[in-house]
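Down below is the structure, laid out as structure tokens.
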Amino acid sequence: MSLLKLLVVLAVWGGLWALNARLAARGHHIRAIRLAVPVIFGLTLVLLWEMVVRLFGVSSVILPAPSAIAQRFAAETPTLWIDFVQTMLKGALSGYVLGCGAAFVTAVLIDRSPFLQAGLLPVGNFVAALPIVGIAPILVMWFGFDWHSKAAVVVVMVFFPVLVNTVAGLQATTAMQRDLMHTYAASYWQGLVKLRLPAAMPFVFNGLKIATTLALIGAIVAEFFGSPTRGMGFRISTEVGRLGLDMVWAEITVAAIAGSVFYGAVSLIEKGVTFWHPSQRG
Amino acid sequence: MTKVVPVLTVIVALVLIWYAAAVGMNAQWARDQAARAETTLGFGELVVDTWSQDRPVLPAPHQVAQGLYDSVLAIKPTSKRSLVYHGWITLSATLAGFGIGTLAGIALAVGIVHSRAMDMSVMPWAIASQTIPILAIAPMIIVVLNSIGISGLLPKAIISAYLSFFPVVVGMVKGLRAPDAMQLDQMRTWSATNSQTFWRLRLPSSMPYLFASLKVAIAAALVGTIVAELPAGATRGLGARLLSGSYYGQTVQIWSALFAAAALAAALVVIVGLIERGVLKRMGMAQ
């Protein structure tokens with residue numbers, strides 16, 4: 001019996017994969033098909049997931065079905081919204097703005113001192129590779145359980161990637177471009193604002209995009225160390241304890257959507273700011 | 001060598017700021033204690049006290065160094081209070097996960113490069129998955145695997161494999177596509193088969209890309225393991241040390257575990273960097 005079920009699942013998988021393979025082979029230059037193929041693939045995975053859970057009777061404390069997650073999502077939308085506001089808007093976003101702002105200002109300030117750059121860059125590169133989430137328990141002790149401590153964790157996490165990228169970006173101009181500004185008798189600040197900052201933007205946005213994911217991770221993980229009775233990290237850890245896995249998956253869905261939208265928004269701004277860069281001119 | 005002086009200056013400045021901050025943040029407790037004993041502290045006494053409290057808000061650097069010495073060198077590595085013991089627990093899960101994630105990532109990248117259907121189906125999801133906080137599912141994976149009887153090293157390794165998987169896929173796809181049309185045409189004029197092109201052109205040219213993403217992946221794998229050690233019940237590993245330190249207000253223990261984790265991360269990245277240098281040099285690709 002279970003062999004038959006397995007065959008059904010494999011048949012559905014094979015059928016949809018064959019459809020995708022045909023689409024990809026025939027129409028890889030058609031825009032609609034390029035969009036459809038990954039969507040079909042994603043839907044296939046969700047369908048297989050649902051079928052496996054139902055056909056084999058997988059317990060909901062191990063893997064809830066997508067339909068159960070969707071139901072829970074719809075039923076608990078107010079709670080999810082409260083958690084979203086607490087973690088994403090208050091914790092992650094305020095920390096992101098503060099941290100990226102501080103890193104950008106620091107990069108511009110140390111721009112005039114090659115000594116500081118030579119000293120700070122290796123340290124910054126080193127720190128950027130460290131498991132910085134580990135400072136979460138310390139910052140939760142310092143700033144309390146509410147969103148301030150989460151924002152502080154996010155500030156520290158996003159600071160170094162943005163700093164390192166901005167400093168690298170400010171060095172991205174060529175000697176000839178700087179000489180041209182020199183022949184215009186441009187002052188240091190004119191050269192900075194009109195040539196070097198715009199030229200640095202692709203690098204800055206690279207750092208800002210890396211920082212979006214870090215900000216969400218920092219805000220969620222910091223809540224594992226203590227939080228008020230709301231927030232995505234709080235909900236995930238308590239619902240895992242109560243085996244309410246459908247709610248956990250609903251929170252993860254929110255986190256995935258929030259992360260993608262956040263990243264997409266930063267990419268859109270990048271597109272507007274660095275419209276002149278080759279990578280943006282398709 | 002010219003870089004050493006500025007770097008040292010910055011580090012010394014950071015340590016000085018740290019000492020000053022320790023005075024500022026621990027002063028309240030010191031004053032409260034003095035007030036309770038109905039004495040007042042002169043500035044010198046205050047500074048000495050803030051640098052030697054048992055449970056300071058911010059331990060001074062030498063206290064952290066002492067904590068590290070006590071838990072790394074002055075204690076048997078097999079003891080439950082030794083950071084070597086906890087570090088090994090974390091390291092073994094990290095390496096296992098890194099290995100699994102890297103192999104799976106390379107395999108998927110090979111598939112993506114050779115099959116257009118896989119490329120179009122999987123690649124957008126692999127890229128999109130880098131924008132979502134995957135780490136959030138760590139507690140769930142631990143608890144679910146625990147409930148079906150899998151515990152210990154494997155659940156942690158799965159999480160760190162998952163985190164190191166996507167950087168490797170994206171970097172490796174880029175690397176396998178690095179040979180340009182002229183090099184591919186050259187292989188064709190030699191009537192090379194697909195597998196010959198893969199082993200002799202694509203794979204060698206992908207090495208710089210592979211190592212760049214391996215450095216990201218091993219750092220991510222370590223973070224994954226540490227976070228995986230956080231859910232209640234874990235008593236071993238650097239993450240568990242962080243959590244128990246934060247439960248009992250043992251700030252020196254938190255900072256020691258944090259520095260041990262940082263040293264571990266740095267060592268892992270440096271080792272991957274050294275292997276990269278050796279491999280690229282032997283292949284004649286070193287810059």
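Residue numbers start from 1 in every chain, and the chains themselves are labelled A, B, ... in the order their sequence lines are given, proteins ahead of strands. Basis for what follows: all heavy atoms, side chains included, without hydrogens, waters or symmetry-related copies.
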*Checking A/Ile220 against chain B: side chain, backbone, both or neither under 4.5 Å from a heavy atom?*
side chain

*Can you tell which part of A/Ile252 gets under 4.5 Å to a heavy atom of chain B, answering side chain, backbone, both or neither?*
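Contact with chain B: side chain only.
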
Using heavy-atom distances under 4.5 Å, tell me whether [X] contacts chain A through its side chain, its backbone, both, or neither.
{"X": "B/Val10", "value": "side chain"}
{"X": "B/Met123", "value": "neither"}
{"X": "B/Ile148", "value": "side chain"}

*Shortest non-hydrogen separation from A/Pro131 to B/Leu222 and the atoms involved*: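 Result for this residue pair: CG-CD2, 4.2 Å.
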
*asked:* Looking at every heavy atom in both B/Ala136 and A/Ile236, which two are closest together, and how far apart are they?
replied: O-CG2, 3.7 Å

What residue in [options] has the most heavy-atom pairs under 4.5 Å with chain B?
{"options": "A/Ala21, A/Gly259, A/Gly119", "result": "A/Gly119"}
{"options": "A/Gly241, A/Gly42, A/Gly233", "result": "A/Gly42"}
{"options": "A/Val140, A/Leu216, A/Val127", "result": "A/Leu216"}
{"options": "A/Leu116, A/Val133, A/Ile135", "result": "A/Ile135"}

All donor-acceptor atom pairs under 3.5 Å, backbone and side chain, chain B-chain A:
unit_1, atom_1, unit_2, atom_2, d
B/Val57, O, A/Trp142, NE1, 2.9
B/Arg116, NH1, A/His28, NE2, 3.1
B/Ser121, OG, A/Asn20, ND2, 3.2
B/Trp125, NE1, A/Pro38, O, 2.8
B/Gln130, O, A/Thr213, OG1, 3.3

*Could you go step by step and tell me if A/Ile138 and B/Leu258 meet the side chain to side chain contact (heavy atoms under 4.5 Å, CB included) rule?*
CA-CA 10 Å; A/Ile138 295 162; B/Leu258 200 54; 3.7 Å; yes

For a 4.5 angstrom cut-off between non-hydrogen side-chain atoms, does [X] reach [Y]?
{"X": "A/Ile132", "Y": "B/Val223", "result": "no"}
{"X": "A/Leu23", "Y": "B/Met120", "result": "no"}
{"X": "A/Leu63", "Y": "B/Val144", "result": "no"}
{"X": "A/Leu245", "Y": "B/Met140", "result": "yes"}

*Whether over 12 other heavy atoms sit under 6.0 Å from B/Asp180 CG*: yes

*A/Phe115/B/Val5 under side chain to side chain contact (heavy atoms under 4.5 Å, CB included): CA gap, chis, key distance, verdict*: CA-CA 9 Å; A/Phe115 183 81; B/Val5 176; 4.3 Å; yes

_With sequence neighbours excluded, residues passing ring pair (Phe, Tyr, Trp, His ring centres under 6.0 Å) with A/Phe84_ =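 Counting only residues at least two positions away or on another chain, A/Phe84 forms a ring pair (Phe, Tyr, Trp, His ring centres under 6.0 Å) with A/Trp81.
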
_Closest-packed option against chain A by number of heavy-atom pairs under 4.5 Å, given B/Leu14, B/Leu268, B/Val216, B/Leu58_ =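 Option with the greatest count: B/Leu58.
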
